[in-house]
Amino acid sequence: MGKDTIIDIITSIQNADMHRKRTVQIASTNITENIVKILLREGFIENVRKHQENNKYFFVLTLRHRRNRKGPSRTILNLKRISRPGLRIYSNYQRIPRILGGMGIVILSTSRGIMTGREARLEGIGGEILCYIW
C-alpha cells in the first residue's frame, strides 16, 4: 500500500475485477470508509463488512456483477482517479462535471466531508474532485 489511499482502493477493485474475484479487501481509513459508504449507497457494490485482524481493520467489499449471455461476467464498476497528490483538481459547484450524462457519479472532498457531485451541487459547495465512478 502506498501513501495515496484512494488510488489503492481503485487499483484493488480493478485488479479484483480483472481476476473475476467476487470480494476485495481494502484497508480501513476515514477516507476509505466515506468512499465505501458512497459506493454502497449508490448501488455500485453489494455489501461491505468490516473485519479486524492482528489489530488492523479492513473492509471486505462484495462486488456487483452482471451476467452477459455471450461473454464472461463483468463488473459494472469503473473508477478513474482525477485529483492526485502531485496535481490537485478543484471545482466550484457550478463546474462539477456530469459523468455519462448523470449515469456516473463524481466523488468530491468538500469542507463538509466527502460527498457526491449531486449532493455538492444541491448544497452549493465545491471541492477537490477525487474520482469518477461509472
Side-chain angles (χ1 to χ4, degrees):
M1 293 281 189
K3 301 215 182 243
D4 187 10
T5 57
I6 298 169
I7 198 68
D8 290 338
I9 296 168
I10 292 171
T11 304
S12 297
I13 291 173
Q14 288 176 342
N15 286 341
D17 181 31
M18 272 196 313
H19 295 290
R20 295 185 183 141
K21 299 212 176 194
R22 184 93 171 132
T23 61
V24 61
Q25 178 179 329
I26 57 174
S28 175
T29 63
N30 288 337
I31 294 172
T32 304
E33 184 175 356
N34 291 328
I35 292 175
V36 165
K37 284 180 184 177
I38 290 173
L39 290 174
L40 185 63
R41 185 176 64 230
E42 296 289 328
F44 287 104
I45 57 176
E46 283 185 17
N47 192 11
V48 178
R49 294 186 316 267
K50 189 171 185 177
H51 287 285
Q52 179 183 6
E53 187 175 296
N54 298 331
N55 294 328
K56 292 185 180 181
Y57 289 95
F58 59 90
F59 292 109
V60 177
L61 308 177
T62 304
L63 301 178
R64 179 165 286 182
H65 287 269
R66 65 176 172 197
R67 299 282 178 197
N68 189 355
R69 293 180 189 169
K70 296 180 182 177
S73 65
R74 294 180 17 204
T75 61
I76 56 172
L77 184 63
N78 295 309
L79 296 115
K80 183 177 181 184
R81 176 77 156 127
I82 302 302
S83 185
R84 49 192 167 91
L87 178 64
R88 302 290 185 184
I89 307 294
Y90 296 95
S91 175
N92 62 7
Y93 77 97
Q94 297 159 337
R95 294 184 179 229
I96 295 173
R98 298 187 196 281
I99 308 304
L100 295 176
M103 296 296 289
I105 62 171
V106 178
I107 295 183
L108 293 142
S109 176
T110 66
S111 59
R112 296 185 191 157
I114 295 177
M115 61 179 64
T116 64
R118 185 179 321 116
E119 294 168 347
R121 274 188 223 98
L122 288 175
E123 292 191 23
I125 56 175
E128 180 184 355
I129 299 175
L130 298 178
C131 61
Y132 296 155
I133 303 171
W134 70 95

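At a threshold of 4.5 Å between non-hydrogen side-chain atoms, the residues Arg49 and His51 count as touching. Using a 4.5 Å heavy-atom threshold, the side chains of Ile26 and Asp8 count as separate. Side-chain contact between Ile125 and Arg112: present, with at least one pair of heavy atoms (C-beta onward) separated by less than 4.5 Å. The shortest side-chain heavy-atom distance between Val36 and Ile9 does not fall under the 4.5 Å cut-off.
Residues Ile6 and Ile35 come closest through the heavy atom pair CG1-CD1, 4.0 Å. Across Arg121 and Ile96, no two heavy atoms sit closer than the pair NH2-O, 3.4 Å. In this structure, Ile89 and Ser83 approach most closely via the heavy-atom pair N-OG, 3.1 Å. The nearest pair of heavy atoms linking Leu108 to Ala120 is CD1-CB, 3.6 Å. Considering all non-hydrogen atoms of both residues, Ile13 and Leu79 come closest at CG2-CD1, 3.8 Å. In terms of heavy atoms, Asp4 sits closest to Ile7 at O-CG2, 3.3 Å.
In this structure a side-chain-to-backbone donor-acceptor pair under 3.5 Å is missing from Thr32 to Ser28. With Arg64 contributing its side chain and Gly43 its backbone, the two residues share a donor-acceptor pair below 3.5 Å. Between the Arg22 side chain and the Leu63 main chain, a donor and an acceptor come within less than 3.5 Å of each other. The backbone N or O of Arg88 lies less than 3.5 Å from no partner atom in the side chain of Glu128, so there is not a single donor-acceptor pair. When atom types are taken as modelled, the side chain of Arg98 and the backbone of Leu100 share no donor-acceptor pair closer than 3.5 angstrom. At least one donor-acceptor pair closer than 3.5 Å links the side chain of Arg81 to the backbone N or O of Leu130.
Following chains of ILVMFWY side-chain contacts shorter than 4.5 Å, one can reach Ile129 starting from Met103, so the two form part of one hydrophobic cluster. Under the 4.5 Å side-chain heavy-atom criterion for ILVMFWY residues, a single connected hydrophobic cluster contains both Phe59 and Ile38.
Remark: Tyr93 engages no residue in a ring pair (Phe, Tyr, Trp, His ring centres under 6.0 Å) (not counting sequence neighbours).
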Test log, rule salt bridge (charged side-chain N to carboxylate O under 4.0 Å, His left out), inputs Arg41 and Glu119:
CA-CA 13 Å; Arg41 185 176 64 230; Glu119 294 168 347; 3.0 Å; yes
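In this structure, Arg118 places its CZ atom where only 12 or fewer heavy-atom neighbours from other residues, nucleotides or ligands lie under 6.0 Å away. Residue-environment remark: NZ (Lys80) stays at or below the threshold of 12 foreign heavy atoms within 6.0 Å.
Note that CD1 of Ile82 and OH of Tyr90 are 14.5 Å apart. Values are rounded to the nearest 0.5 Å. The line from NZ of Lys21 to OG of Ser12 is 11.5 Å long, rounded to the nearest 0.5 Å. How far CD1 of Ile31 is from OG1 of Thr5: 4.5 Å, rounded to the nearest 0.5 Å. Separating the CD1 atom in Ile105 from the CD1 atom in Ile99 is a distance of 9.5 Å, to the nearest 0.5 Å. Annotation: the span from Phe58 atom CZ to Gln52 atom CD amounts to 9.5 Å, rounded to 0.5 Å. Separation of atoms CG (Leu39) and CD1 (Ile107) is listed at 5.5 Å; rounding is to 0.5 Å.
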